[in-house]
Amino acid sequence: MKNRIQSLFVQALRQLPVETLEKAGQLPVPEIERTRDPSHGDFASNLAMKLAKPCRMNPRELAAQLIAALPDSPLIDKTEIAGPGFVNVYLSADAYHQQLHDIIESAETYGCQPASGKKIIVEFISANPTGPLHVGHGRLAAYGASLSNLLVAAGNEVFREYYVNDAGRQMAILAASLWLRYLESHGAVFVFPQNGYKGDYITRIADDMKLEHADKLVVDTATVFANLPADGPDGDEDKFIDALIERARETLGEQGFGQVLDFGLKKILDDIRDDLEEFGVHIDRWYAEHDLHSNGAIDETLKLLRANKNVFEKDGAVWFRATDFGDEKDRVVVRKNGQTTYFASDIAYHLEKRQRGFDLLLDVLGADHHGYVARVRAGLEATGQPGESLEVRLMHFVALFRGGERVQMSTRSGDFVTLRELRREVGNDAARFFYVLRSNDQHLDFDLELAKSHSSDNPVYYIQYAHARICSVMQQMSDKGFDWQAERAWNHLEKLNEQHEKALIVSLSRYPEVISLSAKNRAPHTLAHYLRDLANDFHTYYNAHTFLVEDQDLRDALIALIVAVRQVIANGLALLGVSAPESM
RNA sequence: GCGCCCGUAGCUCAGCUGGAUAGAGUACUCGGCUACGAACCGAGCGGUCGGGAGUUCGAAUCUCUCCGGGCGCGCCA
């Protein structure tokens with residue numbers, strides 16, 4: 001609707017008096033916006049005020065010229081000049097009734113924009129596979145999934161990817177932790193490393209490993225701990241865990257150690273996969289960092305950087321000249337010990353995404369990663385890619401409270417609340433909705449007690465209730481022996497002329513604009529707030545009107561309106577990954 | 001110290017590329033079921049948009065500065 005009004009203004013612009021056009025020079029794209037106050041009509045344009053300066057004319061005078069130039073349209077009832085020079089547009093009743101027709105005919109595609117041809121890869125969550133997802137990852141998952149859905153609705157081709165950090169020290173620590181728990185399950189007794197992963201899930205995986213490998217990986221405890229440096233808190237816990245990993249590699253051999261690592265990795269990834277699937281979060285591809293090493297992508301990237309003279313050697317390490325591309329300092333890509341850094345993998349990974357043909361690389365990351373945005377962009381530019389092809393959305397932290405008290409979260413200590421626990425407590429729908437209710441750059445306080453005890457006050461139920469109520473009306477309708485056909489309703493939509501009805505149709509007609517805006521701003525919360533408002537409009541209407549009236553013509557029209565409401569609620573909730581129940 | 005983000009009603013937060021009288025939820029005070037679901041609706045109360053300066057027809061929004069809070073600044077991932 002907004003687009004149609006806008007195109008009328010574009011035409012009007014071209015029809016302005018010649019002397020005005022000459023003064024205006026380059027013609028602007030007219031901005032059309034919804035009015036906040038119904039007494040200002042339905043849409044307003046500030047075009048006259050924008051033109052006033054270059055034309056050196058009175059904005060109200062310009063507004064009059066614009067109105068005169070505006071082509072006749074059945075959509076517009078009347079126009080007026082208001083305030084400093086706004087052009088207010090009042091839509092015709094017909095224009096609104098046409099909306100209902102569009103919604104019901106388009107059904108689940110209502111609100112979707114035409115294909116843009118743009119290919120976007122959304123990388124999100126990408127939590128290290130060293131333990132189950134926790135509540136912080138849940139927010140990344142809910143946001144990334146909803147945003148992906150929105151981008152699809154806005155006409156983009158979207159690919160959802162999870163980057164698996166399965167190479168590097170953290171994985172080695174995981175393997176060592178798992179192996180030690182496995183030794184414990186065979187009766188070994190020792191003090192667990194300060195820096196090991198201490199969560200219960202490691203013990204459970206160790207038990208599984210015992211079932212599969214029996215005692216094949218058991219080594220005498222004294223041999224394992226012989227001549228190791230002191231662990232924390234008195235010694236150095238980092239040195240200790242690294243030495244322990246080295247010992248594990250020696251005693252088990254690379255193959256045995258690899259077996260332990262792969263066993264743990266697979267178990268944890270399976271758990272994450274199941275968890276996300278249950279949460280309604282689909283991943284198209286799990287991209288392993290390990291593959292970047294084995295398929296030569298990292299070597300290729302380094303070769304490219306060398307060829308472009310973007311690296312130098314210092315202190316035995318290889319550095320990337322990130323400062324040449326706007327980063328604050330140069331970064332190591334190959335360590336003194338010959339190993340490539342995580343950052344090297346990251347350049348290779350992002351370059352590879354571009355090579356797969358994606359126009360936009362959209363990363364959803366925790367806010368603690370903000371410092372790394374500049375260097376990855378620098379890496380992309382150095383490898384010949386446009387810096388704008390990378391877009392990063394940072395997600396602020398979730399602070400978890402239990403009864404007003406802050407819950408500490410740390411994967412390492414095992415003292416944390418998992419996404420799975422959260423979902424079990426508040427339900428998938430409430431969790432999905434709550435997570436995206438706030439803007440991504442806003443901290444989120446999630447109080448478990450509150451979410452549990454007041455779960456029926458949850459805004460998601462308010463919206464779902466509107467949907468269920470409409471389904472219930474439809475049920476009652478057939479119970480009473482009435483039927484409803486869309487085709488019959490089209491002839492009687494003019495009966496929808498009350499204020500509540502108009503307000504409701506205005507809300508419905510805004511939906512496509514909300515989709516565009518939410519997608520453009522990467523802001524699922526805009527859609528969440530819209531749905532809440534729409535549900536409110538409906539509940540208000542519901543309380544003031546009876547739908548199942550005897551007059552068939554009127555009833556057909558009334559039902560058409562609420563069927564349209566049901567459709568838009570269902571469409572919106574689907575994008576947020578929330579169910580639209582027929583009863584609750 | 002440098003960089004990024006945040007500061008809007010008692011509390012939790014919306015506020016689109018600058019637009020007309022800054023909005024929701026919650027809390028509190030009233031009122032509404034013999035109705036298609038009261039998991040609902042309506043009314044009221046509540047603000048110097050952190051402070052100050054600037055840009056202009058017009059600023060919560062843009063610029064500068066100060067104050068307060070979060071995060072980051074590894075040859076970790």
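A note on names: the letters A, B, ... follow the listed sequences, proteins ahead of strands, and every chain is numbered from 1.
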Asks: Watson-Crick or G-U wobble partner for B:C75, using a 3.5 Å limit on both distances?
Replies: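 Because no pair has both required distances under 3.5 Å, B:C75 counts as unpaired.
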
Asks: May A:Phe86 be described as stacking on the base of B:A20, applying a 5.5 Å centroid limit and a 30° limit on plane angle?
Replies: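 Ring-base stacking flag set for A:Phe86 and B:A20.
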
Asks: Any side-chain N or O of A:Thr540 less than 4.0 Å from the OP1 or OP2 oxygen of B:G42?
Replies: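 Answer yes for this pair, as a side-chain N or O of A:Thr540 is under 4.0 Å from OP1 or OP2.
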
Asks: Which nucleotide, in any strand shown, forms a Watson-Crick or G-U wobble pair with B:C13, with both distances under 3.5 Å?
Replies: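 The answer is B:G23, by the H-bond criterion.
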
Asks: Indicate the atoms forming the closest heavy-atom contact of A:Ala154 with A:Ile515, along with that distance.
Replies: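 That closest heavy-atom pairing would be N-CG2, 4.4 Å.
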
Asks: Please name the nucleotide paired to B:C49 by Watson-Crick or G-U wobble geometry with both distances under 3.5 Å, or report none.
Replies: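 Partner of B:C49: none.
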
Asks: Closer than 4.0 angstrom, basic N to acidic O: yes or no for A:Glu391 and A:Arg522?
Replies: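 Salt bridge present between A:Glu391 and A:Arg522.
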
Asks: Hey, which of these two, A:Ser45 or A:Tyr465, hits RNA chain B nearer its 5' end, going by closest nucleotide?
Replies: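 Result: A:Ser45.
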
Asks: Please list, for nucleotides 9-12 of chain B, all pairs of protein and nucleotide N/O atoms separated by less than 3.5 Å.
Replies:
residue	atom	partner	partner atom	Å
B:U12	O2'	A:Arg438	NH2	2.9

Asks: Using the test side-chain contact (heavy atoms from CB on, under 4.5 Å), find all partners of A:Asn428 that sit at least two apart in sequence or belong to another chain.
Replies: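 With neighbours one apart ignored, the set is A:Phe279, A:Arg423.
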
Asks: Assign a letter to each nucleotide of nucleotides 72-77 of chain B from its 5' end: B, base within under 4.0 Å of a protein heavy atom; S, sugar-phosphate only; -, no contact.
Replies: SSSBSB

Asks: Could you pull out the closest heavy-atom pair between A:Ala535 and A:Ile463, with the gap in Å?
Replies: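 So the minimum-distance heavy-atom pair works out to CB-CA, 4.0 Å.
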
Asks: When you compare B:U61 with B:U56, how far apart are their P atoms, in angstrom units rounded to a whole number?
Replies: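 It comes out at 16 Å once rounded to the nearest Å.
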
Asks: Out of A:Asp238, A:Asp242, A:Asp231, which residue meets the side chain to side chain donor-acceptor pair (under 3.5 Å) rule with A:Asn195?
Replies: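 Among A:Asp238, A:Asp242, A:Asp231, the one that satisfies the side chain to side chain donor-acceptor pair (under 3.5 Å) with A:Asn195 is A:Asp238.
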
Asks: Taking pairing as Watson-Crick or G-U wobble with both contacts under 3.5 Å, can you name the mate of B:U55, or confirm there isn't one?
Replies: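 Its partner is none (no Watson-Crick or G-U wobble pair with both distances under 3.5 Å).
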
Asks: What pairs of nitrogen or oxygen atoms, one from the protein and one from nucleotides 55-63 of chain B, lie under 3.5 Å apart?
Replies:
none

Asks: With C1' as the reference atom in both, quote the distance from B:G46 to B:C28 in angstrom, rounded to an integer.
Replies: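 Rounded to whole Å, the distance is 10 Å.
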
Asks: Go through the side-chain N and O atoms of A:Ser126 and A:Glu123 and say whether any donor and acceptor fall under 3.5 Å apart.
Replies: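 Yes, because at least one side-chain N or O of A:Ser126 sits under 3.5 Å from a partner of the opposite role on A:Glu123.
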
Asks: Just checking A:Ala82: base, sugar-phosphate only, or nothing, at a heavy-atom cut-off of under 4.0 Å?
Replies: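 Base, at least one base atom sits under 4.0 Å.
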
Asks: Is the NZ or CZ atom of A:Arg510 both under 6.0 Å from the centre of the six-membered ring of A:Tyr530 and within 45° of that ring's axis?
Replies: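 Ring-cation test returns no.
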
Asks: When the P atoms of B:G44 and B:A24 are compared, how many Å lie between them, rounded to an integer?
Replies: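 Result for the P pair: 11 Å, nearest Å.
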
Asks: Kindly write out the residues that satisfy side-chain hydrogen bond (donor to acceptor under 3.5 Å, both in side chains) with A:Ser345, not counting sequence neighbours, or none if the list is empty.
Replies: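 Here the qualifying residues are A:Glu289.
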
Asks: Given the C1' atoms of B:G7 and B:U48, what is the spacing between them in whole Å?
Replies: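 Between the two C1' atoms, the distance is 15 Å.
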
Asks: Rounded to whole angstrom, note down the P distance from B:G32 over to B:A38.
Replies: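 The same atom, P, in both gives a distance of 16 Å.
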
Asks: Any base atoms under 4.0 Å from A:Asp327, or only sugar-phosphate, or nothing? Heavy atoms, all strands.
Replies: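 Result for A:Asp327 = nothing.
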
Asks: Is the aromatic ring of A:His396 within stacking range of B:G70, meaning centres under 5.5 angstrom and planes under 30 degrees?
Replies: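 Not stacked by the 5.5 Å and 30° rule.
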
Asks: Would you tell me whether A:Arg139 and A:Tyr143 have side-chain atoms, one donor and one acceptor, within less than 3.5 Å of each other?
Replies: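 No donor-acceptor contact under 3.5 Å links the two side chains.
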
Asks: In terms of ring plane angle, is the pair A:His500 and A:Tyr541 parallel, tilted or perpendicular, where the classes change at 30° and 60°?
Replies: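 Rings of A:His500 and A:Tyr541: perpendicular, over 60°.
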
Asks: Can you list every pair that meets salt bridge (Lys or Arg N to Asp or Glu O under 4.0 Å) and has a residue in residues 535-562 of chain A, with sequence neighbours left out?
Replies: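 As it turns out, the salt bridge (Lys or Arg N to Asp or Glu O under 4.0 Å) pairs with a partner in residues 535-562 of chain A, which skip direct neighbours, are A:Arg488-A:Asp556.
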
Asks: Closer than 4.0 Å, any side-chain N/O of A:Asn543 to the OP1 or OP2 of B:G32?
Replies: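 For B:G32, OP1/OP2 do not have a side-chain N/O of A:Asn543 under 4.0 Å.
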
Asks: Is NZ or CZ of A:Arg377 both nearer than 6.0 Å to the six-membered ring centre of A:Phe325 and within 45° of the ring axis?
Replies: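 The answer is no, since A:Arg377 fails at least one limit relative to A:Phe325.
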
Asks: C1' atom, B:A14 versus B:U26: distance in rounded Å?
Replies: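 So the two C1' atoms sit 14 Å from each other.
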
